[in-house]
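Taking it in order: structure first as structure tokens, then the write-up.
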Number of protein chains: 2
Amino acid sequence: MAASTLTEVARLAGVSPATASRVLNGSARKPGKDIAERVRQAADSLGYIPNAQAQGLAKSSSGLIGLIVHDIADPYFAAIARGVQEAAREQRRMVLLATTGGAPGEEKEAVAAFAARRADSIVIAGSRSSRAEDREDNAELAAELDRYCRNGGQVAVVGHPVVGAAAPEGYHVVAVPNQELAADLAVELAARWDGDFVIIAGPEGLFTSDDRVRGFQEGLTRAGRGPAEVLRSSFNRDGGYQAGLQLAARITAGGPDGGGLGIFAVNDVMAIGAAAALRAEGLRIPRDARIAGFDDIETLRDFRPALSTVSLPLEDIGRLATRATAPRHADDDGQPAPPVTGRVTLRRSTEAAAG
Amino acid sequence: MAASTLTEVARLAGVSPATASRVLNGSARKPGKDIAERVRQAADSLGYIPNAQAQGLAKSSSGLIGLIVHDIADPYFAAIARGVQEAAREQRRMVLLATTGGAPGEEKEAVAAFAARRADSIVIAGSRSSRAEDREDNAELAAELDRYCRNGGQVAVVGHPVVGAAAPEGYHVVAVPNQELAADLAVELAARWDGDFVIIAGPEGLFTSDDRVRGFQEGLTRAGRGPAEVLRSSFNRDGGYQAGLQLAARITAGGPDGGGLGIFAVNDVMAIGAAAALRAEGLRIPRDARIAGFDDIETLRDFRPALSTVSLPLEDIGRLATRATAPRHADDDGQPAPPVTGRVTLRRSTEAAAG
DNA sequence: GCTGGCTGGGAAAGCGCATTCCCACTGCTT
DNA sequence: AAGCAGTGGGAATGCGCTTTCCCAGCCAGC
């Protein structure tokens, strides 16, 4: 990766490297018009591209922003990533991507790698976990983040703070009202369906999932209903499918849920999986089961029957998180970022039917 | 972003920076056991994290791989990105993300930015364009890539080579048999439907789109059918929707296509959009129109009626492209990457019906 | 016992750039 | 006309690391 250097440009232009640096890469001091022109021409003819690594080393800042997601192909993360990417562009920075599958151990590695690259800030999307087996890794992740922040790094976490992380300077949390919104959803659904509800959740300990479950139960209570049964499964389409198969068997068997079922899957992808399972078993939605998800994933909006869900401004969330880590500047009124708001979106999949 | 440095570690361990470097960051020379241990302890107690920028500067290589996509939230690109990410992890490198919306001008910027960061390699996903208005930008992109390669960079392009790019050392193309597969699809569809076909394509000049259109027509010819009409629209869900509305009107009106229509959208996302439009107009698939897409996007597989399409190993494509840019090493038999293969996948959306 | 080849550690020279400090020169003021 | 601040350019230093080169000490071999 050799390329022409500032020194070469300077030599060609007949000036010192210092001067060349001043004209080519923004500096407070502006050299004379004619000299500037000469330098620029020299740079042009050599195809000079500043070495960002060297610049970063000299200025000790890299213009990099690290993004940590579970899986970039998951539409939830992809949407957030789009927001991050956009905000990064606004700030003329580049995004460095790390995927971890959600394991805190991997996340720690990613943070370390970002720190090594001297990323100016880190955005962590994806649910934190409080599972016992993740205890140690979580502690290490927290320590790593703490060190990163102490060294001047900026961190933004989407959803929940990292377990055990102190809140040092530079540590921001973009709160997502998962619980409140899930409660709202439950209330709306309860108003339209008076049969039983079942929740298809992710593994216990996943904050996002837990919050939504808790919120939904709370909403049921508020609506004067008993708590719903919780089915745990993996936090993806296949998890939803598995749970869906179980429920289908139950519905088909008649039994206590013979009259149908209200299903709440803690995210859209799981909801789609569950719906696919029901359909595969010959059941129809919303006739045999009403189903709702969470997130309002764009790619899934054309799904039929249209999925009731909670709309979350995922792109904005990514953008907000990224902006939270941006260096504050003068015209910045220093106001905290606007809170994330979502909205219950009822569609066909939970429509009243032959209840 | 200050952190402890190698020098500090060395001082603490009572050795020279050279020695510390040798033990901490892989070198051919392995210092003595006891010394190594001492250095490692010192590093540990200081929480030393090597400065990748400085390393990169010294070694002139960054361990970075640049990925250029149109839109990271598009499931097509997200899937490729996942493959790239995985391969990058294998090679212990990190991926830098740039999104361009498909504009060659932006792509040129991205390449320059990657070059500035001294990315070891660049993967360009997303269709190249040959539109007249992109002529100039394409030339600049080609020039930028050429320079990048001459400086030792590795480039892999998915699909088509960049227009006008020479094929210097380090320039790889992961060919995707769009045309052949589209032809195969046409043949299969023609065997099952003897009415008219219409193609919903992206804007003229987009290679991916053009190839698929050409292939489909070729397949029709091979099946003894006349060419299909081509409807151009934007290369995304909304483009498909718009085109779908037009076709719906036509089908509803009866007219020449009164008996239904065979629709081929050049990608799944457009196909889904078109299907949504047809449904919105009260038409049913496959009864009133058979519809097929291309790509076999994972998130869309639960869509109903299940979409006939061409399955492409998107993740593999990303992986292959990334591997193509990896430095060759000894145990590498130097064989070119295996070609990308796809497969026609017929599902409900084109099933024989009241044709 | 002396030399030649190794081994393992340190000194030092960059990698490409930003930036501080310094200096020559200009154009004022008094 | 002498002194001054102010301007604009260059020399030099350092960012944190790798790597070459050098040198001291060691062993084997004659």
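Within every chain, numbering begins at 1; the chains are lettered A, B, ... in the order of the sequence lines, protein sequences first and strands thereafter.
- One can place CD1 of A/I49 at 19 Å from P of C/dC15, the figure rounded to the nearest angstrom.
- Scanning for side chain to side chain contact (heavy atoms under 4.5 Å, CB included) contacts around B/A142 gives B/V162, B/A165, with sequence neighbours left out.
- A close approach under 4.0 Å does not occur between any side-chain nitrogen or oxygen of A/Q55 and OP1 or OP2 of C/dC17.
- Between A/E8 atom CD and C/dG16 atom P there is a gap of 8 Å when expressed in whole angstrom units.
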Got a list of side-chain donor-acceptor pairs under 3.5 Å for residues 91-103 of chain B, not counting sequence neighbours?
from   : atom 1 : to     : atom 2 : distance (Å)
B/R93  : NH1    : B/S121 : OG     : 3.2
B/R93  : NH2    : B/S121 : OG     : 3.4
B/T100 : OG1    : B/V69  : O      : 3.4
B/T100 : OG1    : B/G102 : N      : 3.0

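- Take A/A58 and apply the side chain to side chain contact (heavy atoms under 4.5 Å, CB included) test, not counting sequence neighbours, and it matches no residue.
- In this structure, A/N151 places its CG atom 14 Å from C1' of D/dG16, rounding to the nearest Å.
- Side-chain proximity of A/I35 to the nucleotides D/dG9, D/dT18, C/dC17 is greatest for D/dG9.
- For the pair A/L24 CG and C/dC17 P, the computed distance is 9 Å after rounding to whole Å.
- OP1 or OP2 of D/dT18 has at least one side-chain nitrogen or oxygen of B/S21 nearer than 4.0 Å.
- B/S21 is linked by a side chain to side chain contact (heavy atoms under 4.5 Å, CB included) to B/L6, counting only residues two or more places apart in sequence or in another chain.
- In terms of the salt bridge (charged side-chain N to carboxylate O under 4.0 Å, His left out) criterion, B/R22 has no residue partners (sequence neighbours excluded).
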Any protein N or O atoms within reach of nucleotides 23-25 of chain D? Criterion: under 3.5 Å, listing atom names and distances.
none

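- Among residues two or more places apart in sequence or in another chain, the salt bridge (charged side-chain N to carboxylate O under 4.0 Å, His left out) test is passed with B/R128 by B/E107.
- With respect to the salt-bridge test (charged N to carboxylate O, under 4.0 angstrom), the residues B/E8 and B/R11 do not qualify.
- B/D134 is linked by a side chain to side chain contact (heavy atoms under 4.5 Å, CB included) to B/P104, B/S129, B/R131, B/N138, counting only residues two or more places apart in sequence or in another chain.
- For A/E109, there are no salt bridge (charged side-chain N to carboxylate O under 4.0 Å, His left out) partners at least two apart in sequence or on another chain.
- Contact check on A/D146 versus A/R150 returns a salt bridge, with a Lys/Arg side-chain nitrogen under 4.0 Å from an Asp/Glu carboxylate oxygen.
- Residue pairs that meet the ring pair (Phe, Tyr, Trp, His ring centres under 6.0 Å) test with at least one member in residues 19-73 of chain A, sequence neighbours left out, are A/H70-A/F77.
- The phosphate of C/dA18 (OP1 or OP2) has a side-chain N or O of A/N25 nearer than 4.0 angstrom.
- For the strand DNA chain C, secondary-structure stems (runs of at least three Watson-Crick or G-U pairs, all distances below 3.5 Å) span C:1-30 with D:1-30.
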Could you go through nucleotides 11-15 of chain D and list every protein N or O atom that sits under 3.5 Å from one of its N or O atoms, giving the distance for each pair?
none

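- Separating the CD atom of A/Q53 from the C1' atom of C/dA18 is a distance of 16 Å, rounded to the nearest angstrom.
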